[in-house]
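Below: one structure, written as structure tokens.
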Amino acid sequence: MKNNLKLFLFLIVIIGFYKCSPKLETYTAEVNFINREAQGTIVLKSTGYGKNHAEAVTDAQINAFKVILFKGIPGTELNIPLIENEKNVTSQHSEYFKNFFDGGLYKTFMMSSTESSNLIKMKGTKKINVDLKINYNSLRKDLEQNQLIRKFGF
């Protein structure tokens with residue numbers, strides 16, 4: 001009986017720690033460079049997941065922007081992230097990022113978005129690949145104007 005009570009209390013403490021632990025927003029690095037069509041634009045293939053078609057496409061679009069902003073795209077002029085300290089900048093400018101991702105501001109920097117695969121049903125979710133053409137020069141200027149990054153050369 002004593003052991004059962006100890007086990008029960010131990011489980012309650014573990015669950016409490018799990019529930020109180022900070023939840024980090026995750027995104028996948030399933031973003032690949034396709035080509036550069038013009039100065040200041042880049043074409044990427046991004047993978048998104050969701051409960052339905054629209055959610056998966058939106059996830060793929062947002063995923064591409066998060067990788068550009070916080071991870072960088074190897075083999076391109078965006079090989080280093082536009083924003084170097086993701087945690088600090090996103091907490092200091094939370095309103096901007098809420099508007100950027102939740103409010104759809106990121107769509108103003110997308111020149112095109114084309115589904116490059118059919119919706120694939122997986123266990124518990126759906127997956128899709130989307131080709132995105134992004135105007136990263138405009139994105140960089142917007143980040144500079146909102147003082148999230150410094151101007152180049154200053």
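From a predicted model like this one, the values you see are computed outputs, not experimental measurements. Along the sequence shown, residues carry numbers from 1.
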Drop me the distance from [X]'s [atom1] to [Y]'s [atom2], to the nearest 0.5 angstrom.
X      : Y      : atom1 : atom2 : value
His93  : Leu143 : NE2   : CG    : 10.0 Å
Thr76  : Phe33  : OG1   : CZ    : 6.5 Å
Ser113 : Lys133 : OG    : NZ    : 13.0 Å
Thr41  : Leu132 : OG1   : CG    : 12.5 Å
Leu148 : Glu144 : CG    : CD    : 10.5 Å
Leu69  : Ile62  : CG    : CD1   : 11.5 Å

Looking only at heavy atoms, which two atoms of Ala60 and Val130 are closest? And how far apart?
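Taking Ala60 first and Val130 second, the nearest heavy atoms are CB-CG2, 3.8 Å.
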Side chains of [X] and [Y]: closer than 4.5 Å at any heavy-atom pair?
X      : Y      : result
Arg140 : Leu78  : yes
Tyr106 : Thr58  : yes
Tyr49  : Ile128 : no
Leu44  : Ile134 : yes
Phe100 : Leu139 : yes

Strictly by modelled atom types, are [X] and [Y] linked by a side-chain donor-acceptor pair under 3.5 Å?
X      : Y      : result
His53  : Glu115 : yes
Asp131 : Thr114 : no
Asp142 : Tyr96  : yes
Thr47  : Asn129 : yes
Gln39  : Arg36  : yes
Ser46  : Gln61  : no

Are Val43 and Leu82 connected, step by step, through hydrophobic side chains (Ile, Leu, Val, Met, Phe, Trp, Tyr) whose heavy atoms are closer than 4.5 Å?
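No: no chain of side-chain contacts under 4.5 Å links Val43 to Leu82.
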Derivation and outcome, side chain to side chain contact (heavy atoms under 4.5 Å, CB included), residues Phe65 and Met110
CA-CA 10 Å; Phe65 279 95; Met110 279 190 328; 3.6 Å; yes
Using a 3.5 Å distance criterion without hydrogens, assess whether the side chain of Ser138 forms a donor-acceptor pair with backbone atoms of Asn135.
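No, Ser138 side chain to Asn135 backbone: no donor-acceptor pair under 3.5 Å.
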Using atom types as modelled and distance alone, determine if a side-chain donor or acceptor of Ser91 lies under 3.5 Å from a backbone N or O of Lys87.
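Yes.
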Just checking [X]: does its [atom1] atom have more than 12 heavy atoms from other residues, nucleotides or ligands closer to it than 6.0 angstrom?
X     : atom1 : value
Lys45 : NZ    : yes
Asn52 : CG    : yes
Glu77 : CD    : yes

Going through the distances and angles, do Ile73 and Ile68 end up as a side chain to side chain contact (heavy atoms under 4.5 Å, CB included)?
CA-CA 6 Å; Ile73 308 289; Ile68 289 171; 4.2 Å; yes
